[in-house]
Amino acid sequence: MTRTKEIAFPSRSFASRLSTMLRVDARRMFGTPLFWICLGIAFAIPVLVLVMTSGFGAEGSAMFTNTWQIIGSESANLGAMMNINLMYFLMGVFVCLLVAEDFRSGYAKNLFTVRARKTDYVVSKTIIGFIAGTLFLIAFFIGGVVGGSVAGLPMDLG
């Protein structure tokens with residue numbers, strides 16, 4: 001009589017699965033042109049808005065009177081839509097396209113059938129989306145400073 005040895009597969013912890021998913025998602029995010037295009041858009045929007053709205057028109061008709069107004073949203077005019085609130089829209093579009101690419105390429109189907117749980121996928125995409133959103137906000141802030149300098153707007157909060 002032969003004895004068969006049982007093969008035991010160790011159960012991986014949530015932290016282990018999540019760190020693997022985060023590494024893969026970060027590699028996929030930073031490797032896609034979509035991320036770099038969105039990061040460039042996040043930088044270019046405040047530069048273009050500040051230069052185009054403060055450089056043209058009659059005296060006193062400038063939409064922004066200082067550089068930091070593009071960060072806040074206190075006005076109820078067209079300027080309320082041309083500030084950092086655009087980053088919410090850009091981030092939503094980015095996450096939707098990132099997830100859609102996973103399903104289009106078959107990556108998600110392979111991932112769910114082989115090893116990952118849906119909760120791991122959602123948590124990983126949420127963290128990667130948060131990291132991307134933070135980088136978009138930093139790019140917007142840097143673009144606002146550059147745009148304010150090019151437009152000749154003051155840097156005071158006055």
Side-chain angles (χ1 to χ4, degrees), residues 4-55 63-64 67-151 153:
T4 59
K5 293 184 179 180
E6 292 184 21
I7 299 173
F9 294 104
S11 178
R12 294 179 59 207
S13 68
F14 175 73
S16 171
R17 290 190 317 262
L18 184 62
S19 69
T20 302
M21 289 281 295
L22 283 173
R23 279 196 310 263
V24 170
D25 280 343
R27 189 178 317 121
R28 287 175 58 89
M29 180 183 73
F30 288 119
T32 182
L34 172 68
F35 173 75
W36 299 106
I37 290 170
C38 288
L39 195 66
I41 289 171
F43 175 78
I45 286 174
V47 173
L48 294 174
V49 167
L50 286 173
V51 169
M52 298 303 281
T53 58
S54 64
M63 189 179 299
F64 297 102
T67 301
W68 308 116
Q69 285 178 338
I70 197 150
I71 304 291
S73 61
E74 68 274 349
S75 62
N77 58 8
L78 185 62
M81 295 184 298
M82 296 178 2
N83 56 18
I84 204 158
N85 292 334
L86 285 171
M87 292 301 101
Y88 299 127
F89 176 73
L90 182 68
M91 192 57 225
V93 168
F94 176 74
V95 169
C96 288
L97 291 175
L98 192 66
V99 171
E101 176 61 25
D102 286 350
F103 283 93
R104 187 197 63 76
S105 68
Y107 170 74
K109 183 178 181 181
N110 181 37
L111 185 70
F112 293 145
T113 57
V114 173
R115 56 184 161 167
R117 297 180 183 156
K118 291 177 185 173
T119 54
D120 299 344
Y121 181 80
V122 170
V123 170
S124 176
K125 287 296 179 193
T126 302
I127 292 171
I128 289 296
F130 180 76
I131 292 168
T134 303
L135 293 173
F136 292 165
L137 289 174
I138 291 169
F140 190 90
F141 179 76
I142 293 170
V145 171
V146 170
S149 298
V150 170
L153 293 174

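- Put simply, CE on M21 and CD1 on I127 are 10.0 Å apart, with the number rounded to the nearest 0.5 Å.
- Aromatic ring orientation, F136 versus F35: parallel (interplanar angle below 30°, classes split at 30° and 60°).
- Residue L34 comes nearest to L98 through the heavy atom pair CD2-N, 4.2 Å, listed as atom of the first residue, atom of the second, then distance.
- I70 is not listed as a side-chain neighbour of I84, based on a closest heavy-atom distance of 4.5 Å or more.
- When all heavy atoms of P46 and G143 are compared, the closest pair comes out as CG-C, 3.5 Å.
- With sequence neighbours excluded, no residue satisfies ring pair (Phe, Tyr, Trp, His ring centres under 6.0 Å) with F140.
- Here CG of L86 is found 5.0 Å from CD1 of I45. Values are rounded to the nearest 0.5 Å.
- Not counting sequence neighbours, the partners of R104 by the salt bridge (Lys or Arg N to Asp or Glu O under 4.0 Å) test are E101.
- In this structure, the separation between CZ on R23 and CG on L18 is 10.5 Å, given to the nearest 0.5 Å.
- Interatomic distance, L111 CG to K118 NZ, rounded to the nearest 0.5 Å: 11.5 Å.
- Contacts classified as side-chain hydrogen bond (donor to acceptor under 3.5 Å, both in side chains) and involving residues 123-136 (residues at least two apart or in different chains) are given here: D25-S124, D25-K125, D102-K125.
- Take S16 and apply the side chain to side chain donor-acceptor pair (under 3.5 Å) test, not counting sequence neighbours, and it matches R12.
- Rounding to the nearest 0.5 Å gives a distance of 10.5 Å between CD1 of I37 and CG of L97.
- Contact annotation: the side chain of L135 approaches that of F30 to within less than 4.5 Å [non-hydrogen atoms, C-beta and beyond].
- For the atom pair OH (Y107) and CZ (F112), the distance works out to 9.0 Å, reported to the nearest 0.5 Å.
- Not a single ring pair (Phe, Tyr, Trp, His ring centres under 6.0 Å) links Y88 to another residue, sequence neighbours left out.
- No side-chain heavy atom of M91 sits less than 4.5 Å from a side-chain heavy atom of L137.
- Scanning for ring pair (Phe, Tyr, Trp, His ring centres under 6.0 Å) contacts around F43 gives an empty result, with sequence neighbours left out.
- In this structure, F141 and W68 have parallel ring planes: the angle between them is below the 30° cut-off, well short of the 60° mark.
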